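Working notes, structure below.
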Amino acid sequence: MPLPEPEAVIRAPGPWIHRDVAANGARFHVVDIGDGPAVLLLHGFPTFWWTWRHQLTALAEAGYRAIAMDLRGYGGSDHPPEGYDPRTLSADVAGVIRSLGIPEAVIVGHGWGGIGAWSTAVLEPEVVRAIVPVSMPHPRQLRKALLRESRQRAAVRYAIGFQVPFWPERSLTARDGQRVADLIAQWSGDPSWLDEPTAETYRSAFLRWPTAHTAVEYHRWAARSVLRPDGLTYMSLMEAPIQRPVLQVHGSGDPMVLASSVDGSDEYVRAPYRRVDLDTGHFPHEEDRDAFTGALTTWLSELDSG
């Protein structure tokens, strides 16, 4: 049976509104639902906005305006040939917030979206009310873990293969994107949540060309910038303390970003910090959506009450 068309899953119908927003010299696809304080949701690799489908409706019901954004190079957003680095990602996020006419937002980010949350809090703090990094340590803490922990280096070994040209893109799109579903299952603590329709949705969205190339470009920048001026400058900028409240959510059984690698992220925060570890793998918001959403909405209500 053929996969659904990429455009059909990227523009999936629901109680939300699909919007195209111009920001930072590109066009971004966002999904918007609810009224109230803004919560901007950023996905990671290899998903797209739809990974937040459960939280979108739950947040709207809790009295928030929930907005899920396709990152540059994913889903319905533009796929330009460059800009797959955290500084550009931060400018993208800030630009989308401003274009939507929102003074500030709580930024929830998973994986690469978590890097976006950390980075925007430092580089574009005026649009950030608070951040919720999910399955992602502070970037400087992640670098320390990669340098010091052989287990963490082994866990992200897949990214080494992403440094070669052409092959990663071909492997990710072969057999109608089967490797996308395989990676999501491998990184989950219990992959039973990834039923066939859900896997097909992620595979289909990733097959929209050139998503396979642009999604990999984030990983290429991360590896190749380690000793380049742009990478060194970014890490230097990220020494600045986070001056916004932080809720850190991690899966205790995450096989890709080890729970121990998150330890020490609070050292970069000069505001209220809370960490919640859930009994999941790399996708806590999908694997145990009720526990994740409960932790998030409880923290948000406390944030609102001051």
Side-chain angles (χ1 to χ4, degrees), residues 4 6-21 28-44 46-71 74-77 93 96-97 99-102 104-111 113-114 116-117 129-135 184 188 190-205 247 249 251 276 278-305:
E7 188 66 18
V9 300
I10 291 168
R11 300 274 173 174
W16 40 69
I17 298 170
H18 291 270
R19 303 184 190 277
D20 292 300
V21 178
F28 295 92
H29 170 236
V30 305
V31 172
D32 193 346
I33 180 174
D35 295 295
V39 180
L40 180 64
L41 302 144
L42 310 177
H43 66 86
T47 63
F48 67 115
W49 74 265
W50 192 75
T51 194
W52 301 111
R53 61 201 177 281
H54 305 300
Q55 286 74 39
L56 281 165
T57 53
L59 286 166
E61 290 169 2
Y64 296 92
R65 180 180 179 184
I67 304 149
M69 166 183 165
D70 279 334
L71 302 190
Y74 280 91
S77 293
V93 171
V96 165
I97 291 171
S99 290
L100 289 170
I102 301 168
E104 61 179 9
V106 174
I107 301 176
V108 182
H110 172 257
R129 183 182 179 206
I131 64 170
V132 185
V134 183
S135 305
I184 294 173
S188 297
D190 178 358
S192 61
W193 69 272
L194 188 69
D195 58 24
E196 193 61 28
T198 302
E200 289 181 353
T201 296
Y202 284 126
R203 290 165 61 194
S204 175
L247 171 66
V249 183
V276 174
L278 300 178
D279 186 20
T280 69
H282 188 60
F283 302 92
H285 58 296
E286 295 260 35
E287 297 176 53
D288 193 345
R289 67 193 192 206
D290 291 338
F292 177 89
T293 303
L296 175 61
T297 53
T298 297
W299 180 79
L300 286 171
S301 67
E302 294 172 4
L303 188 68
D304 291 337
S305 66

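Since the structure is predicted, the reported quantities are computational estimates derived from the model, not experimental observations.
- At least one side-chain heavy atom of Met69 sits under 4.5 Å from a side-chain heavy atom of Leu42.
- Not a single donor-acceptor pair under 3.5 Å links the side chain of Trp16 to the backbone N or O of Ile67.
- Between the OG1 atom of Thr47 and the CD1 atom of Ile184 there is a distance of 6.5 Å, given to the nearest 0.5 Å.
- Side-chain N or O atoms of Ser188 include none that pairs as donor or acceptor with a backbone N or O of Gly281 at under 3.5 Å.
- Relative orientation of the Phe292 and Trp52 rings is tilted, given thresholds of 30° and 60° on the angle between their planes.
- Taking the side chain as every heavy atom from C-beta outward, Trp299 and Val132 approach each other to under 4.5 Å.
- At least one side-chain heavy atom of Thr198 sits less than 4.5 Å from a side-chain heavy atom of Arg53.
- Aromatic ring orientation, Tyr202 versus Trp193: perpendicular (interplanar angle above 60°, classes split at 30° and 60°).
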Query - side chain to side chain contact (heavy atoms under 4.5 Å, CB included) between Leu59 and Leu300, worked out - result: CA-CA 10 Å; Leu59 286 166; Leu300 286 171; 3.6 Å; yes
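- Side-chain contact check for Thr57 versus Pro15: some heavy-atom pair is nearer than 4.5 Å.
- Under the side-chain hydrogen bond (donor to acceptor under 3.5 Å, both in side chains) criterion, the residue pairs touching residues 31-40 are Arg19-Asp32, Asp32-Arg65, with sequence neighbours excluded.
- A 4.5 Å side-chain heavy-atom check between His110 and Thr51 finds every atom pair outside the cut-off.
- Using cut-offs of 30° and 60° for the angle between ring planes, the His285 and Phe283 rings count as tilted.
- Between Asp70 and Arg11 there is no salt bridge, since no side-chain N of the basic residue sits under 4.0 Å from a carboxylate O of the acidic one.
- Panel note: side chain His18, backbone Ala12; a donor-acceptor pair is recorded below 3.5 Å.
- Within the 3.5 Å criterion, the main-chain N or O of Thr298 finds a donor-acceptor partner in the side chain of Ser301.
- Residues passing the side chain to side chain contact (heavy atoms under 4.5 Å, CB included) test with His54 are Glu286, Arg289, sequence neighbours excluded.
- With hydrogens and angles disregarded, a donor-acceptor distance shorter than 3.5 Å links the side chain of Ser204 to the backbone of Pro4.
- Judged by distance alone, with hydrogens and angles left aside, the side-chain atoms of Thr297 form a donor-acceptor pair with the main-chain N or O of Thr293 at under 3.5 Å.
- By the 6.0 Å contact criterion, CG on Asp279 is open, its count of non-hydrogen atoms from other residues, nucleotides or ligands being 12 or less.
- In this structure the side chain of Tyr64 reaches within 4.5 angstrom of the side chain of Asp304, judged on heavy atoms.
- A 4.5 Å side-chain heavy-atom check between Val31 and Trp50 finds every atom pair outside the cut-off.
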